[in-house]
Amino acid sequence: MDAIELLLERVSSPILQEPGPDGATLDIMFQAALRAPDHARLRPWRFLTISGDARHALGELLVRVAVAGQPDLSEEAQARIRATPLRAPTLVLAICSLKEHPKVPEIEQKMSLAAAVQSLLLAAHALGVGAIWRTGELCYQPALARGLGLADNEQLLGFVYLGTPGGNEKKVPAMTTSQFVSSWEGVGPGL
């Protein structure tokens with residue numbers, strides 16, 4: 001698969017099954033992630049991998065965080081939350097490690113992490129690994145960050161689920177660039 005084909009054909013894989021990527025495959029994916037644009041070389045990202053029984057522990061942590069914010073959460077809702085880490089054999093948690101810098105604001109550091117995750121997703125696709133980036137309300141809860149052992153300057157910005165694609169491959173509708181791209185001619189309302 002050439003680079004352009006990879007870029008044009010990458011899709012999210014919502015149904016993932018065993019096996020997950022092995023250590024060597026994950027290492028290639030992380031090497032790709034580390035090539036993300038990074039103003040001032042701050043390296044504002046890090047990743048946690050979760051697999052095996054640790055997925056059950058993450059499910060319990062997610063339930064504790066959810067119940068702390070909504071004490072009357074039904075047992076059914078708790079069971080759904082508890083099962084979310086079991087959607088894939090391997091999870092990668094994308095963490096933004098914010099650094100103080102006079103020329104690199106927080107938003108640029110978060111965009112660098114997003115670029116790193118996109119590179120990881122592209123590498124996964126190139127290697128035949130199914131992947132999907134998910135967030136959700138719980139992802140951004142400070143209690144979850146504390147439960148995961150994140151430092152005060154760190155924020156969880158997503159869960160990347162990895163495994164063998166299951167079900168039918170998702171078809172992405174064709175889009176025309178004209179819907180999203182226009183040319184600015186230097187004319188507009190003044191300041």
Side-chain angles (χ1 to χ4, degrees), residues 1-36 45-67 70 73-96 113-141 144 147-148 156-177 179-180:
M1 165 181 316
D2 73 12
I4 297 300
E5 181 183 7
L6 171 69
L7 292 167
L8 295 177
E9 293 184 4
R10 192 213 69 82
V11 295
S12 294
S13 300
I15 299 173
L16 298 164
Q17 55 199 21
E18 295 284 349
D22 62 22
T25 302
L26 276 172
D27 189 58
I28 292 168
M29 293 165 55
F30 288 126
Q31 287 295 324
L34 300 180
R35 299 295 300 154
W45 11 254
R46 76 179 182 94
F47 304 93
L48 289 177
T49 60
I50 299 177
S51 59
D53 288 341
R55 295 175 305 148
H56 294 282
L58 176 60
E60 294 302 327
L61 174 59
L62 290 169
V63 169
R64 284 196 307 274
V65 170
V67 169
Q70 189 178 350
L73 192 64
S74 72
E75 288 296 324
E76 182 180 307
Q78 289 180 43
R80 276 194 311 274
I81 292 168
R82 185 176 288 112
T84 57
L86 305 178
R87 293 175 178 166
T90 305
L91 285 80
V92 173
L93 279 59
I95 300 163
C96 190
L113 173 66
V117 171
Q118 175 67 357
S119 293
L120 187 140
L121 293 170
L122 287 167
H125 185 70
L127 296 165
V129 176
I132 188 167
W133 183 1
R134 297 181 183 267
T135 55
E137 183 181 333
L138 289 176
C139 179
Y140 307 115
Q141 296 300 313
L144 180 59
L148 291 167
L156 177 63
L157 294 182
F159 302 89
V160 178
Y161 290 74
L162 301 169
T164 300
N168 296 327
E169 186 175 296
K170 184 176 167 181
K171 298 294 181 202
V172 177
M175 294 185 280
T176 58
T177 58
Q179 293 176 297
F180 305 96

Derivation of the side-chain contact (heavy atoms from CB on, under 4.5 Å) call for T84 and R87 = CA-CA 6 Å; T84 57; R87 293 175 178 166; 3.5 Å; yes
Could you go through the side-chain contact (heavy atoms from CB on, under 4.5 Å) check for Y140 and L156 one step at a time?
-> CA-CA 6 Å; Y140 307 115; L156 177 63; over 6 Å; no
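- In terms of the side-chain hydrogen bond (donor to acceptor under 3.5 Å, both in side chains) criterion, N168 has no residue partners (sequence neighbours excluded).
- Listed by first and then second residue, the side chain to side chain donor-acceptor pair (under 3.5 Å) pairs involving residues 49-66 are E60-R82 (not counting sequence neighbours).
- If you take CZ on F159 and CD1 on I132, they are separated by 13.5 Å, rounding to the nearest 0.5 Å.
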Steps toward side-chain contact (heavy atoms from CB on, under 4.5 Å) verdict (L6, L122) = CA-CA 7 Å; L6 171 69; L122 287 167; 4.1 Å; yes
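- Note: L62 CG to R80 CZ = 13.5 Å, rounded to the nearest 0.5 Å.
- Every ring-ring contact (aromatic ring centres under 6.0 Å, His included) that F30 has, sequence neighbours left out, goes to F47.
- The side chain to side chain donor-acceptor pair (under 3.5 Å) analysis of residues 1-21, with sequence neighbours excluded, yields no pairs.
- In this structure, CD in Q118 is found 12.0 Å from CG in L113, a value given to the nearest 0.5 Å.
- The SG atom of C139 sits 7.5 Å away from atom CG of L93, with the distance rounded to the nearest 0.5 Å.
- When all heavy atoms are compared, the tightest approach of L157 to C96 is CD1-CB, 3.8 Å.
- The two residues P21 and T90 have their closest heavy-atom pair at CD-OG1, 3.7 Å.
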Derivation of the side-chain contact (heavy atoms from CB on, under 4.5 Å) call for W45 and V117 = CA-CA 10 Å; W45 11 254; V117 171; over 6 Å; no
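- Atom CD1 of I81 sits about 11.5 Å away from atom CG of L58, to the nearest 0.5 Å.
- Scored by the side-chain hydrogen bond (donor to acceptor under 3.5 Å, both in side chains) test, E75 finds no partners at all (sequence neighbours excluded).
- Partners of A123 by side chain to side chain contact (heavy atoms under 4.5 Å, CB included), not counting sequence neighbours, listed by chain and number: M29, A32.
- Between L121 and V160, the closest side-chain pair of non-hydrogen atoms falls below 4.5 Å.
- To the nearest 0.5 Å, atom CG of residue L138 and atom CG of residue L144 are 7.0 Å apart.
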